[in-house]
**Student:** 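Below is one structure. I have some questions about it.
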Amino acid sequence: MANSQGSDGTADDAKGVISFGGEIEEIAELQHVEEARLEKLFAEQKAERGLDDEVTLATFFSLFNMWIQLYRLNKLTEALEEVVPICRRRGGNLKIQGIQAQAFTVWKQGKFRLALELFHEIEDDIGSSAALSENMGHTYSSLGDYDNAAKYFRQAIVCLDREEKLGKPTGNKGGVLYGLGLIEDRQGNHEQALLTIREAQRVFRERADGKPSSLIAKAGMSIAKILLKLAETEADPNKRTAMEEEAVTVELENVKLFEVTCGEDSPLTASALKGLGEAYIRRNRLDEAIQALARSYLLEASKDAFDLLAVMEVHNRLFGIHVARTKLGIDLDRDAFRSYMPAVETALSKVRMLKQDANAGAYFKLAGEMMAFAEDYSGASSILGEAIVLFKSESGPAEILGNLITSCQDLKDYCDRQSASGSSSRRRGGAEGGGGSASG
């Protein structure tokens with residue numbers, strides 16, 4: 001996302017690097033070193049000088065750059081509760097920095113309406129700028145308000161032209177083009193969107209000057225998605241194949257770029273891996289799709305900004321591939337299901353912190369099914385029992401809830417039988433083993 005004071009970036013499908021004092025070197029390993037240094041310095045200055053101090057606040061905003069790039073959203077939320085009120089009291093540029101930092105943070109948490117309120121507050125204080133208009137365009141786009149999104153992206157272009165005539169830095173043309181391309185895509189004009197976002201990526205590559213850049217990968221993710229959309233309706237099989245193969249190539253680059261610039265455990269890496277899995281599925285490269293989606297699943301489950309729907313989507317795609325393989329006569333890979341258990345357990349721990357309703361029950365049902373395929377029948381039975389309780393407590397459509405309860409109960413009964421059978425076998429084996437040992 002662009003800095004409203006003139007630094008460049010873009011949002012994820014629009015969210016990106018924020019820079020208050022220059023661009024961040026987008027190498028994850030270097031960022032981790034700098035993050036540790038700044039965290040130590042900030043803690044020392046806060047203890048010695050207090051938080052309401054210009055030097056301490058300057059260090060915080062440098063640290064903020066690192067945290068936002070590395071998606072340390074929980075740390076940011078906690079720190080901003082103290083920092084923003086101080087910045088508001090001080091006024092001036094610090095007030096704008098504080099509000100902007102809060103806006104970027106809630107944006108990355110998916111709280112787009114709150115982010116929009118904060119951006120409008122900045123607009124009321126300092127007027128329009130290319131960067132601020134771009135940010136508002138991305139935010140309206142994420143809210144599905146494409147008319148206002150287009151309005152602000154066009155306003156960003158006007159601001160860019162005006163700033164260029166005044167001899168100021170030209171701002172983030174790539175980010176504005178990217179935003180317009182996203183609008184074109186969401187309005188169904190996929191071919192034009194592909195052209196616009198390709199141009200945005202070209203601008204990002206030019207500005208990166210050979211260095212790795214997360215912005216190149218963010219544009220690449222959209223390019224790959226649009227290619228797969230266009231391939232669905234392409235009548236020429238050769239063109240369709242070429243589009244799908246390009247999507248694979250683009251997503252492979254996206255994964256590598258995010259790993260280098262944001263880290264192997266970044267939410268952006270998770271999204272790129274999911275996109276890579278989707279592209280592999282189109283090319284029927286199912287083994288490679290499984291590898292990509294399995295890694296994406298664990299990363300999605302581990303995110304600070306946990307997104308239950310995103311987790312369930314990756315889960316279902318991964319589960320679906322295994323089911324599809326069995327229909328091709330390939331044996332069920334139970335070892336693979338066992339390897340997914342860390343992701344399932346991580347997701348379960350996050351879901352338990354959410355409101356315990358039918359949405360949580362839906363994931364419990366999926367987790368129980370996955371555990372059953374991994375032959376953890378006791379664990380599956382337990383989590384399916386929790387799903388049943390949640391479904392029974394809901395007041396939604398009786399038929400749908402009834403079907404969910406029946407499905408869970410049937411599988412739970414099967415798991416209980418398997419557990420009983422396994423316990424019986426172990427008891428027999430133990431008795432036989434004990435007898436042999438005693439007689440020996």
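The basis for the numbers below is simple: all heavy atoms, side chains too, and nothing from hydrogens, waters or symmetry mates.
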**Student:** Lys46 side chain to Thr56 main-chain N or O, any donor-acceptor pair under 3.5 Å?
**Tutor:**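 Looks like no, no N/O pair under 3.5 Å.
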**Student:** Flag the pair Phe319 / Phe373 as yes when their ring centroid distance falls below 6.0 Å, and as no otherwise.
**Tutor:**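 Ring-ring flag for Phe319/Phe373: true, centres closer than 6.0 Å.
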**Student:** Taking the six-membered ring where the residue is Trp, are the ring centres of His322 and Phe337 under 6.0 Å apart?
**Tutor:**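 Aromatic pair counts; centres sit under 6.0 Å.
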**Student:** So, taking the atom named OG in Ser141 and the one named CZ in Phe153, what distance separates them when rounded to the nearest 0.5 Å?
**Tutor:**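 Separation between the atoms: 6.0 Å.
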**Student:** How many angstroms lie between CD1 in Ile321 and CG in Asn316, if you round to the nearest 0.5 Å?
**Tutor:**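 Ile321 atom CD1 to Asn316 atom CG measures 11.5 Å (nearest 0.5 Å).
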**Student:** Below 4.0 angstrom, N of the basic side chain to O of the carboxylate: do Lys303 and Glu300 qualify?
**Tutor:**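 Looking at Glu300 together with Lys303, the answer is yes, because their closest N to O distance falls below 4.0 Å.
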**Student:** Between Asp185 and Lys229, does at least one N-O distance fall below 4.0 Å, as a salt bridge requires?
**Tutor:**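 Looking at Asp185 and Lys229, the cut-off is met.
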**Student:** Hey, which of Trp107, Phe104, Tyr140 is the one that makes side chain to side chain contact (heavy atoms under 4.5 Å, CB included) with Asn135?
**Tutor:**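 Of Trp107, Phe104, Tyr140, side chain to side chain contact (heavy atoms under 4.5 Å, CB included) with Asn135 is met by Phe104 alone.
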**Student:** So, Ser419 side chain and Cys415 main chain: donor-acceptor pair closer than 3.5 Å or not?
**Tutor:**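 Confirmed, Ser419 side chain pairs with Cys415 backbone.
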**Student:** For residues 84-92, which side-chain donor-acceptor pairs fall under 3.5 Å, sequence neighbours excluded?
**Tutor:**
residue: Arg88; atom: NH1; partner: Glu121; partner atom: OE2; Å: 2.5
residue: Arg88; atom: NH2; partner: Glu121; partner atom: OE1; Å: 3.1
residue: Arg90; atom: NE; partner: Asp52; partner atom: OD1; Å: 2.7
residue: Arg90; atom: NH2; partner: Asp52; partner atom: O; Å: 3.3
residue: Arg90; atom: NH2; partner: Asp52; partner atom: OD1; Å: 3.2

**Student:** Can Lys274 and Glu313 be counted as an ion pair, charged N to O under 4.0 angstrom?
**Tutor:**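 Here Lys274 pairs with Glu313 in a salt bridge, since their nearest N and O are under 4.0 Å apart.
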**Student:** Rounded to the nearest 0.5 Å, what's the gap from CG on Leu57 to CD on Glu54? Could you check?
**Tutor:**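 Taking CG in Leu57 and CD in Glu54, the distance rounds to 8.0 Å.
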**Student:** Salt-bridged, Arg295 to Glu288, with N to O below 4.0 Å?
**Tutor:**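 Between Glu288 and Arg295 there is no salt bridge, as every charged N stays at least 4.0 Å from the carboxylate O atoms.
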**Student:** Assess whether a salt bridge exists between Glu44 and Lys40, defined as any Lys/Arg side-chain N lying under 4.0 Å from an Asp/Glu carboxylate O.
**Tutor:**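 A salt bridge is present here (some side-chain N lies under 4.0 Å from a carboxylate O).
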**Student:** Less than 4.0 angstrom from a charged side-chain N to a carboxylate O is my criterion; do Glu259 and Lys256 meet it?
**Tutor:**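 No salt bridge links Glu259 with Lys256.
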**Student:** Salt bridge or not for Arg205 and Glu253, using N-O below 4.0 Å?
**Tutor:**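 Result for this pair is yes, salt bridge flagged.
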**Student:** Roughly how far, to the nearest 0.5 Å, is the CD atom of Gln192 from the CG atom of Leu180?
**Tutor:**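 Going from CG on Leu180 over to CD on Gln192, the span is 10.0 Å.
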**Student:** Between the side chain of Arg325 and the main-chain N/O of Leu332, is any donor-acceptor distance below 3.5 Å?
**Tutor:**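 Absent.
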**Student:** Pair His138, Phe112 - check ring pair (Phe, Tyr, Trp, His ring centres under 6.0 Å), show working.
**Tutor:** CA-CA 10 Å; His138 285 307; Phe112 302 121; over 10 Å; no
**Student:** Treating Arg240 as the side-chain partner and Glu234 as the backbone partner, does any N or O pair qualify as donor plus acceptor under 3.5 Å?
**Tutor:**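 Flag set: sc Arg240 to bb Glu234 pair under 3.5 Å.
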